[in-house]
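Working notes, structure below.
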There are 2 protein chains.
Amino acid sequence: MEMTQESRRTASERRRRELLEAADRVVLRDGPEASMNAIAAEAGITKPILYRHFGDKGGLYRALAVRHTDALLAGLRAALDSPVPRRDRVEATLDTYLAAIEARPQVYRFLMHPSDEGQTGDRGFDVGRHSAPLLRRLGEELAQVIAERVDLGPAGGELARVWGHGIVGMMHAAGDWWLREQPCSRAQLVQHLADLLWGRLAAAGDRPGGPGF
Amino acid sequence: MEMTQESRRTASERRRRELLEAADRVVLRDGPEASMNAIAAEAGITKPILYRHFGDKGGLYRALAVRHTDALLAGLRAALDSPVPRRDRVEATLDTYLAAIEARPQVYRFLMHPSDEGQTGDRGFDVGRHSAPLLRRLGEELAQVIAERVDLGPAGGELARVWGHGIVGMMHAAGDWWLREQPCSRAQLVQHLADLLWGRLAAAGDRPGGPGF
DNA sequence: ACACTGCTGTTACCGCAAGTAACGTACTGC
DNA sequence: GCAGTACGTTACTTGCGGTAACAGCAGTGT
């Protein structure tokens, strides 16, 4: 068996990918509370190997998260960067996000409700740690796009960051709620949210016969 | 020692309140990962009593959550219902929420990142379960206020619900980010978010020298 | 041939938190 | 006196994250 250091490295990486795919399958099946034992079993091995590869559960989570986050971000960036009017871009971005969470709700739940980990005691692995849990990454990403493409005057950077995180949060919360109780079509939801962003709340009139007056 | 059934009941309720206050103190100190043991110790008792009162950890969480949620909701309702122009109402509501999370970040973290529980295995206690974890409650509440006070035409109910959850999500995400890295004053954040809701994103012009064109 | 390194993998264990069982005690109402 | 019910305890089970300690196997330098 020939095996140079190079081929070793690639073999190790392939192993890692296999483990991640097994973890993915388990998460897809069991949701966010997949245990390390279950993942190891799915991969046909035992726990310590997982720990050698990923350090701790947070490490595995992070590795899984960047995979999915990168995939999602690629789609979002495409929608965000397309050379069409702003409103169309916003709608395309919202729709891309919502389509993604609709297609894989289990993965979505795993990414969004990571249970915060904690409780590691004290060892504390110096690995990356707190690698921007998706929502923050999305928020920063969107902030950058806004700052790049929209003219917000002086202090626009700060504004863009606030808006980036705010809009991502809006998208997330509305999507979460919509995913639970499917109250309308995806297209309608996109329209409603875009309308909100377009100031329809400010434009709408007061209701006749409000309480008290 | 005299003790009628009535006084027993009230005594039990007082005990429950004491336990909740002890739990509150621990959560305030240790954050969301407070253990049942720690809470019991703080209350000067041992675990089984907690379980007799609250069923499981989720029950305790729920009891704590409704306390704080009710308090927060009272403040928000006041801001939401005041008879001033809509923009002022929106700003007051945002500010009320942000002031609350700024004042008690530990409680806030406990409410917002309840670690999803899970992992109970199978027993699964038929107690209430998933009692609208605050964000959903806020979203529904806001949706109702919007539906009541804003004229959105036909199908306005659906729109109001989408907006309710969306706006709450925006508030939450922006608040979460702002709480971490204090990038600006609370008043500024309120202004930025209100501007976003007021359609300033749609009104702003494209940036000169965008990428690619 | 040899030890050495570095990876793969194992079994068996630790610590800790949630949740329970079994038991004892005080008080009330009949 | 006796049932009922709340309070309280100690001691336990289960399950998960995480870690030794050990064993095999490929390739490398001497």
Q.
Using whole Å, what does the distance between atom P of nucleotide D/dA6 and atom CD1 of B/Ile45 come to?
A. 16 Å

Q) In whole angstroms, how far is the C1' atom of D/dG18 from the CD1 atom of A/Ile49? A) 15 Å

Q) Can you tell me if the side-chain N/O atoms of B/His53 get under 4.0 Å from OP1 or OP2 in D/dA6? A) no

Q) Is the count of non-hydrogen atoms from other residues, nucleotides or ligands lying under 6.0 Å from A/Gln144 atom CD greater than 12? A) no

Q. Can you tell me how far C1' of D/dT19 sits from CG of A/Asp56, to the nearest Å?
A. 13 Å

Q. Atom CD of B/Glu13 to atom C1' of D/dC7: distance rounded to whole Å?
A. 16 Å

**Q.** Distance below 4.0 Å between B/Thr46 side-chain N/O and D/dG8 OP1 or OP2
**A.** no

Could you give the side-chain donor-acceptor pairs of residues 96-106 of chain A under 3.5 Å, partners two or more places apart or in another chain?
unit_1: A/Thr96; atom_1: OG1; unit_2: A/Ala92; atom_2: O; d: 2.8
unit_1: A/Glu102; atom_1: OE1; unit_2: A/Arg186; atom_2: NH1; d: 2.9

Q) Whole Å only: how far is the CD atom of A/Glu33 from the P atom of D/dT14? A) 21 Å

Q | For atom CZ of A/Phe54 and atom P of D/dG18, their distance in whole Å | A | 13 Å

Q) Which whole-number value in Å describes the distance from B/Tyr51 OH to D/dT9 P? A) 15 Å

(Q) Classify A/Arg15 by what it touches in the nucleic acid, base, sugar-phosphate, or nothing, heavy-atom distance under 4.0 Å. (A) sugar-phosphate

Q. Quick one: the side chain of A/Lys47 and the base of D/dG18, do they pair up donor-acceptor inside 3.5 Å?
A. yes

Q: Compare the minimum distances between each of C/dA21, C/dT10, D/dG18 and the side chain of B/Pro48, then state the nucleotide with the smallest one.
A: C/dA21

Q | Distance in angstrom units between A/Ile39 CD1 and D/dC16 P, rounded | A | 12 Å

Q: Answer yes when A/Glu181 and B/Arg161 have at least one side-chain N-carboxylate O distance shorter than 4.0 Å, and no when they do not.
A: yes

Q. Do B/Arg52 and D/dG8 have a side chain to base donor-acceptor pair shorter than 3.5 Å?
A. yes

Q.
Applying salt bridge (Lys or Arg N to Asp or Glu O under 4.0 Å), can you list everything that pairs with A/Glu21, at least two apart in sequence or on another chain?
A. none

Q.
Between B/Arg87 and B/Asp195, does any side-chain N to carboxylate O distance fall below 4.0 Å?
A. yes

